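Scroll down for the structure; my scribbles are underneath it.
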Amino acid sequence: MQTISVQMSDLEYSTFGLSKNIFFFSEIADLIEKQLARQALRRSVEMAERNGLSSMTMEEINAEVNAARLCKR
C-alpha cells in the first residue's frame with residue numbers, strides 16, 4: 001500500500017465534515033463525489049429559480065419531459 005499526503009485548509013476540512021486524519025482513498029473519493037453532487041444540486045436549484053421552473057408541479061415537469069422526448073422522435 002502506498003501513502004500520500006494531502007493538505008487542505010481548515011475551511012475545506014470542515015466543509016467535508018472530516019473527523020480524522022487518516023483515510024483510505026475510496027473514503028476521500030466518496031466525500032469529494034458527495035460534495036460535487038451537493039454543488040451540482042445547488043446550481044440546479046438556482047437555475048430553476050432564475051428561470052421560473054422551481055414552482056412547477058411534478059405533473060408539469062413530466063409533461064415537459066414527455067413533450068421533449070416526443071420532439072426527438
Side-chain angles (χ1 to χ4, degrees):
M1 182 181 302
Q2 298 294 320
T3 302
I4 63 171
S5 175
V6 176
Q7 292 184 338
M8 62 177 56
S9 70
D10 291 337
L11 177 61
E12 291 167 325
Y13 191 85
S14 63
T15 297
F16 285 103
L18 302 177
S19 59
K20 58 184 181 177
N21 292 324
I22 298 175
F23 297 88
F24 288 105
F25 180 79
S26 59
E27 292 174 300
I28 292 294
D30 187 48
L31 289 170
I32 292 170
E33 184 179 338
K34 287 178 182 176
Q35 183 64 23
L36 291 173
R38 280 188 211 100
Q39 290 173 357
L41 177 60
R42 198 172 311 123
R43 283 192 305 270
S44 295
V45 168
E46 289 170 1
M47 285 191 296
E49 288 173 350
R50 273 197 312 270
N51 294 299
L53 303 174
S54 60
S55 60
M56 290 177 73
T57 66
M58 224 28 212
E59 292 78 21
E60 292 170 323
I61 293 170
N62 287 332
E64 289 284 333
V65 169
N66 290 333
R69 288 178 179 159
L70 286 175
C71 286
K72 285 187 175 184
R73 292 181 187 173

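Everything quoted here is computed from the prediction, not taken from an experiment.
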Q. Do Glu33 and Arg38 meet the salt-bridge criterion of a basic N to acidic O distance under 4.0 Å?
A. no
Euclidean distance, [Y] [atom2] relative to [X] [atom1], rounded to 0.5 Å:
{"X": "Lys34", "Y": "Leu31", "atom1": "NZ", "atom2": "CG", "value": "6.5 Å"}
{"X": "Ile28", "Y": "Ile4", "atom1": "CD1", "atom2": "CD1", "value": "8.5 Å"}
{"X": "Leu53", "Y": "Met47", "atom1": "CG", "atom2": "CE", "value": "10.0 Å"}
{"X": "Asn51", "Y": "Met56", "atom1": "CG", "atom2": "CE", "value": "11.5 Å"}
{"X": "Phe25", "Y": "Gln2", "atom1": "CZ", "atom2": "CD", "value": "13.5 Å"}

(Q) Taking Asn62's backbone N and O only, do any of them form a donor-acceptor pair with Asn66's side chain (distance below 3.5 Å, no angle check)? (A) yes
Q | Any donor-acceptor pair under 3.5 Å from Glu49 side chain to Glu46 backbone | A |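 Answer holds: no.
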Q) Which atoms form the tightest heavy-atom contact between Lys20 and Tyr13, and what is the distance? A)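 Minimum heavy-atom separation between Lys20 and Tyr13: O-OH, 3.0 Å.
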Q. Of all heavy-atom pairs between Phe16 and Ile32, which one has the smallest distance, and what is that distance?
A.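 Here Phe16 and Ile32 meet closest at CE2-CA, 3.8 Å.
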Q.
Could you tell me if the side chain of Phe23 sits less than 4.5 Å from the side chain of Leu18, heavy atoms only?
A. yes
